[in-house]
*Asks:* 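Structure incoming, see below.
The figures here come from the full heavy-atom set of this structure, side chains too, leaving out hydrogens, waters and symmetry mates. Order of the sequence lines sets the chain letters (A, B, ...), proteins ahead of strands, with each chain counted from 1.
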2 protein chains.
Amino acid sequence: MNSDAILEINKALSNTTRLEILKWLKDPEANFPPHLELGHFDFGVCGQNIQDKSGLSQPTISHYLSVMHKAGLLIPTRHGKWTYFKRNEKIIAEYIKTLNKEL
Amino acid sequence: MNSDAILEINKALSNTTRLEILKWLKDPEANFPPHLELGHFDFGVCGQNIQDKSGLSQPTISHYLSVMHKAGLLIPTRHGKWTYFKRNEKIIAEYIKTLNKEL
DNA sequence: ATTATATATAACAAAATTTTAATGTAAGCA
DNA sequence: TGCTTACATTAAAATTTTGTTATATATAAT
C-alpha cells in the first residue's frame, strides 16, 4: 500500500464519527437493529441505520460513507432502495500492516 | 490508548509533510546531514534540518512539530539554541497496537 | 398514479487547517 | 554591546473540512 493510500485512510479516520462508524461495523449485531428485509448483515449495515446511530443528518452521513468508500475502507452494496456498507477487511488489514512496517 | 488520543494522532498523520517527517526520523543518518555541534542523533534531529528537507517555511514546520509533539509522536529536547526532535517510539508502538485491536 | 422511503447531489455557511510574512525570544559569537 | 542563528508566536489569507437545508433520483407501497 502506497503513501497516498495511507494518507487518504488517515484523513478518513481523522474524524470522530467516521472512526466510530468503522468500529460499529465490526459488530453489527451488537450495534444495530436487525434488517427486517434482509434478516442478516452479510452486506453490512444500511445507511439509514448508520445515520440513526450517528445523530448527524442524512447528507452528512451519505458523504462520510462515500469518503470512507473512496479511501477503500468500506464496500457498498445497493439492494432495492437500500445501500448496505460493509468493512473492507482486506484493505484495513493491509493498512495496519503497512503502518507497522513504514511508520 | 483512548479514542481521543488515536484521533489526535490520526489528525497529525493526515498531512503529507507530517507523515514524511515521522518516517525521516526513523533513520536520521540516511535522511539528514550530521549535527556538527552534537556529532550524534541521540536526541533526534534539529528543527532547522527538518525545515530544510521539507522545503516549507520555518513557522510552518515549527507549528507541525508542535502538533506532532502534542499528539505524543515526538519528544523535543532543547540544547543551546537548537531544539532536537526524536520519535516517541513507545507511543507509536502503542498507537499501532491499539489500531490492531480496535480498528 | 401518487405517496413514502432510502440515498445521492448541490449549494452554502461556519469552523478548522494550511501556510506565509512579520515579530518576538533566547542563545551564541563578533 | 550589537549581530546572527534557531526557534516560537502572532496575525492574516487561502483552502479544506464539517455539517446543514434544499433538491433530485430511484425504488417500493398504496
*Asks:* Among C:dA27, D:dC7, C:dA8, find the nucleotide with the atom closest to the side chain of A:S62.
*Replies:*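 The closest nucleotide is C:dA8.
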*Asks:* Calculate the interatomic distance between A:F32 atom CZ and C:dA6 atom P; express it in whole Å.
*Replies:* 15 Å
*Asks:* Looking at B:S57, does any N or O in its side chain come under 4.0 Å of the phosphate oxygens OP1/OP2 on C:dT20?
*Replies:* yes
*Asks:* Considering only side-chain heavy atoms of B:Y64, which listed nucleotide, D:dA6, C:dT18, C:dT7, is closest?
*Replies:* C:dT18
*Asks:* So, is A:R18 close to the D:dT18 phosphate, meaning a side-chain N or O under 4.0 Å from OP1 or OP2?
*Replies:* yes
*Asks:* Between atom CG in A:L38 and atom P in D:dA28, what is the gap in whole Å?
*Replies:*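 Rounded to the whole Å, the gap is 13 Å.
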*Asks:* Hey, is the main chain of A:W24 close enough, under 3.5 Å, to the side chain of A:N31 for a donor-acceptor pair?
*Replies:* yes
*Asks:* If you only use heavy atoms from C-beta on, which nucleotide in D:dG19, D:dT10, C:dA6 is closest to the side chain of B:P59?
*Replies:* D:dT10
*Asks:* Atom CG of A:L65 and atom P of D:dT18: how far apart are they, to the nearest Å?
*Replies:*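 The distance from CG of A:L65 to P of D:dT18 comes to 14 Å, rounded to the nearest Å.
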*Asks:* Same cluster for A:L38 and A:F41 if Ile/Leu/Val/Met/Phe/Trp/Tyr side chains link at under 4.5 Å?
*Replies:* no
*Asks:* Which residue lies toward the 5' end of DNA chain D, B:K11 or B:T60, if each is placed at its nearest nucleotide?
*Replies:*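 Nearer the 5' end of the strand: B:T60.
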*Asks:* If you check every side-chain atom of A:T83, which of D:dA6, C:dT18, C:dA8 has the closest atom?
*Replies:*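 Closest nucleotide to the A:T83 side chain: C:dA8.
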*Asks:* Which nucleotide in the list D:dA28, C:dT18, D:dC7 gets nearest to the side chain of B:H63?
*Replies:* C:dT18
*Asks:* Rounded to whole Å, how long is the line connecting atom CE of B:M68 with atom P of D:dA8?
*Replies:* 14 Å
*Asks:* Is the ring centre of A:H35 less than 6.0 Å from the ring centre of A:Y84?
*Replies:*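 Centroid distance A:H35-A:Y84: below 6.0 Å, so yes.
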*Asks:* From C:dT17, C:dA27, D:dC7, pick the nucleotide closest to the side chain of B:K81?
*Replies:* C:dA27
*Asks:* Does B:E8 come within less than 4.0 Å of B:K70, counting only side-chain N to carboxylate O?
*Replies:* no
*Asks:* Regarding A:N100 and A:Y95, is there a side-chain donor-to-acceptor distance under 3.5 Å anywhere?
*Replies:* no
*Asks:* Which whole-number value in Å describes the distance from A:L74 CG to C:dA8 P?
*Replies:*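 To the nearest whole Å, that distance equals 12 Å.
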*Asks:* Rounded to whole Å, how long is the line connecting atom CD1 of A:I61 with atom C1' of D:dT21?
*Replies:* 16 Å
*Asks:* Take the protein atom NE2 of B:H79 and the nucleotide atom C1' of D:dC7, then report the distance between them rounded to whole Å.
*Replies:*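 Atom NE2 in B:H79 sits about 16 Å away from atom C1' in D:dC7.
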*Asks:* Nearest whole angstrom, please: distance from the P of D:dT5 to the CG of B:D52.
*Replies:*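 Interatomic distance, CG of B:D52 to P of D:dT5: 13 Å.
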*Asks:* Is A:N15 close enough to D:dT17 that one of its side-chain N or O atoms is under 4.0 Å from OP1 or OP2 there?
*Replies:* no
*Asks:* What nucleic acid atoms does B:Q58 come within less than 4.0 Å of, heavy atoms only: base, sugar-phosphate, or nothing?
*Replies:*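 Base, at least one base atom sits under 4.0 Å.
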